[in-house]
Amino acid sequence: MSGTLHGSRTGSGTLTNRRHFLAAASTGLSAALAAPHIALAQSAPSLAVVGKEGWLFPLWDKIADDDAPQVRPVVQVISRAVATLKAAGIDVAMVLVPSKARTYRQFLPDSMRVASTVDRRYAGVQAEFRKAGAITPDLDTAFRAHAAGTQLFFKTDTHWTPMGAELAAVEAAKAIGPTLPASARPGLQVSAPISRVAPRGDLVRNLPEAQRATYGAEPFVSRDVVASGGQNALLADDTSDVTLVGNSYMEPKYGFQPILSNQLSRPVSLFWKPNNIGAYAILLQYVTSPGFREQRPKLLIWTYLEVDLTAGPSSSGWGNNAMGSDQFLNNLRQAVSA
């Protein structure tokens with residue numbers, strides 16, 4: 001289940017120390033459409049917010065208004081899911097990916113401001129997850145501290161860069177590592193940073209066609225997995241006691257899982273699906289999969305996006321995967337108690 005990174009390597013050597021990693025890193029849609037104070041590209045409709053200096057932001061990354069009433073019931077459902085998993089003997093870590101718009105607010109259009117309540121949203125949600133018993137890595141504080149010196153998100157894409165994923169994985173390992181016993185099996189080894197170029201991001205296609213040519217490819221830095229244990233080091237690991245469940249931010253090309261495995265010094269399995277399936281359906285797909293039945297993890301790391309904190313299980317944004325909160329929780333309970 002675990003993902004691997006592939007590609008030709010122009011750098012060499014491995015890095016395992018957190019200090020080294022950080023040093024290297026330093027070199028609900030319809031409602032969103034009605035949100036005020038958002039500067040859109042001309043010739044609307046557009047689902048991308050045009051920022052400064054070539055930055056684009058997803059329209060659904062809502063930061064201008066107090067959304068606490070919408071966030072509260074979603075957090076309650078997630079907290080109940082955490083409690084359900086823990087009752088089944090599975091520890092849970094919640095990896096909450098910070099908002100791109102909040103992190104890089106200096107590149108937002110002048111007409112957009114981050115509401116004070118939204119600035120407090122991340123910490124408040126994390127506190128609720130902790131009450132439910134989850135391990136809660138504080139990615140927000142780390143991102144704020146490093147955003148100026150390291151590009152943590154692609155300018156024209158919804159996703160983080162591999163260096164953003166790396167910083168997140170290092171922070172996650174700091175929180176998760178002390179809760180785990182030592183592993184008899186090693187984590188993945190990774191290469192030195194490698195310079196690469198990514199095609200223009202997924203937000204460009206949300207612009208009017210006439211504006212798309214303005215945006216081009218973006219340089220970035222990433223690492224490859226080093227097969228120090230032979231080719232088997234790159235194969236899926238179905239016997240890990242730690243499983244990472246998430247969306248496209250966990251896609252192997254961003255490198256979160258290999259860095260997390262490296263920093264935890266243990267194998268980490270990976271189960272990911274595109275985010276439009278929805279975090280709830282993705283979790284249910286994992287706990288009803290043969291991989292879960294054959295190897296129940298001691299720790300499940302569940303990825304959730306801050307931008308989706310207003311989208312509960314029944315959100316229309318999940319399409320055919322939408323379901324009632326009670327149905328989600330009941331299905332989860334049945335799957336993990338089987």
Side-chain angles (χ1 to χ4, degrees), residues 28-29 32 58 60-63 67-68 70-86 90-103 118 120-143 152-153 158-160 164-165 167-169 171-172 175-176 242-251 254 256-257 260 268 270-287 297 299-315 317-318 321-323 325 328-329 332:
L29 190 54
W60 52 93
D61 191 350
K62 299 171 62 180
I63 47 83
D67 57 6
Q70 293 76 44
V71 170
R72 191 173 301 113
V74 174
V75 172
Q76 290 173 348
V77 171
I78 295 173
S79 296
R80 290 174 65 188
V82 170
T84 297
L85 290 164
K86 288 184 67 66
I90 303 170
D91 287 330
V92 181
M94 290 298 305
V95 172
L96 185 62
V97 179
S99 153
K100 177 182 177 180
R102 278 200 317 101
T103 303
V118 171
R120 297 191 295 269
R121 180 174 61 194
Y122 192 100
V125 168
Q126 292 286 79
E128 292 302 313
F129 291 162
R130 282 193 295 275
K131 289 179 183 178
I135 302 164
T136 55
D138 184 4
L139 305 191
D140 188 47
T141 297
F143 273 38
L152 304 176
F153 288 88
T158 53
H159 296 89
W160 53 20
L167 176 61
E171 291 302 313
I176 294 168
V242 176
T243 296
L244 175 63
V245 177
N247 51 44
S248 55
Y249 277 68
M250 299 297 112
E251 190 173 354
Y254 299 116
F256 182 96
Q257 178 259 353
L260 182 64
V268 175
L270 173 63
F271 185 95
W272 76 274
K273 299 286 183 179
N275 192 54
N276 60 359
I277 292 177
Y280 311 96
I282 293 172
L283 180 60
L284 289 179
Q285 287 180 19
Y286 168 63
V287 296
L299 173 68
L300 187 150
I301 304 170
W302 190 14
T303 310
Y304 205 93
L305 305 184
E306 183 184 358
V307 299
D308 287 338
L309 282 173
T310 59
S314 62
S315 172
W318 309 137
N321 294 305
M323 67 192 87
S325 295
F328 162 66
L329 292 167
L332 178 63

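Side chains included, hydrogens not; waters and symmetry mates left out as well; all remaining heavy atoms used.
- Note that OH of Y280 and CG of L329 are 9.5 Å apart. Values are rounded to the nearest 0.5 Å.
- Atom CG of L244 is separated from atom CG of L260 by 6.5 Å, given to the nearest 0.5 angstrom.
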* Asked: Going through the checks in order, is the side-chain contact (heavy atoms from CB on, under 4.5 Å) test met by I277 and Q285?
  -> CA-CA 10 Å; I277 292 177; Q285 287 180 19; 3.8 Å; yes
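- Taking both residues in full, the closest heavy atoms of Q126 and M94 are given as OE1-O, 4.5 Å, listed atom of the first, atom of the second, then distance.
- With hydrogens and angles left out, the side-chain atoms of Y304 and Y249 include no donor and acceptor closer than 3.5 Å.
- The minimum heavy-atom distance between P98 and F143, with the atom names listed, is CG-CD2, 3.9 Å.
- When all heavy atoms of L299 and A93 are compared, the pair lying nearest together is CD1-N, 3.9 Å.
- Annotation: the span from W160 atom CH2 to L167 atom CG amounts to 9.0 Å, rounded to 0.5 Å.
- The ring pair (Phe, Tyr, Trp, His ring centres under 6.0 Å) test applied to F129 returns no partner, not counting sequence neighbours.
- Contact record, I282 with F271: O-CE2, 3.6 Å, taken as the closest heavy-atom pair.
- Shortest non-hydrogen contact noted between T141 and D138 is OG1-OD2, 2.5 Å.
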* Evaluate the criterion side-chain contact (heavy atoms from CB on, under 4.5 Å) for residue pair L96 and D140; output intermediate values, then yes/no. => CA-CA 8 Å; L96 185 62; D140 188 47; over 6 Å; no
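- Heavy atoms only, all atoms of each residue included: T243 and P297 are closest at OG1-CB, 3.7 Å.
- K131 is linked by a side chain to side chain contact (heavy atoms under 4.5 Å, CB included) to E128, counting only residues two or more places apart in sequence or in another chain.
- Atoms NE2 and CG, on H159 and L152 in that order, are 15.0 Å from each other to the nearest 0.5 Å.
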* Residue pair Q257, W272: steps toward the side-chain contact (heavy atoms from CB on, under 4.5 Å) verdict -> CA-CA 11 Å; Q257 178 259 353; W272 76 274; over 6 Å; no
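- Looking at heavy atoms from C-beta onward, L300 lies in side-chain contact with Y286 at the 4.5 angstrom threshold.
- Taking CG from N321 and CZ from F328, the interatomic distance works out to 12.5 Å, rounded to the nearest 0.5 Å.
- Distance CD1/I135 to CZ/R130: 12.0 Å, rounded to 0.5 Å.
- Contacts of R120 classified as side-chain hydrogen bond (donor to acceptor under 3.5 Å, both in side chains), with partners at least two apart in sequence or in another chain: none.
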* From CA spacing to verdict: side-chain contact (heavy atoms from CB on, under 4.5 Å), T158, V307 -> CA-CA 11 Å; T158 53; V307 299; over 6 Å; no
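- One side chain, D308 or N275, offers a donor N or O that lies under 3.5 Å from an acceptor on the other.
- In terms of modelled atom types and a separation under 3.5 Å, the side chain of E306 and the main chain of S99 share a donor-acceptor contact.
- Counting only distance, with no hydrogens or angles, the side chain of T310 and the backbone of V71 share no donor-acceptor pair below 3.5 Å.
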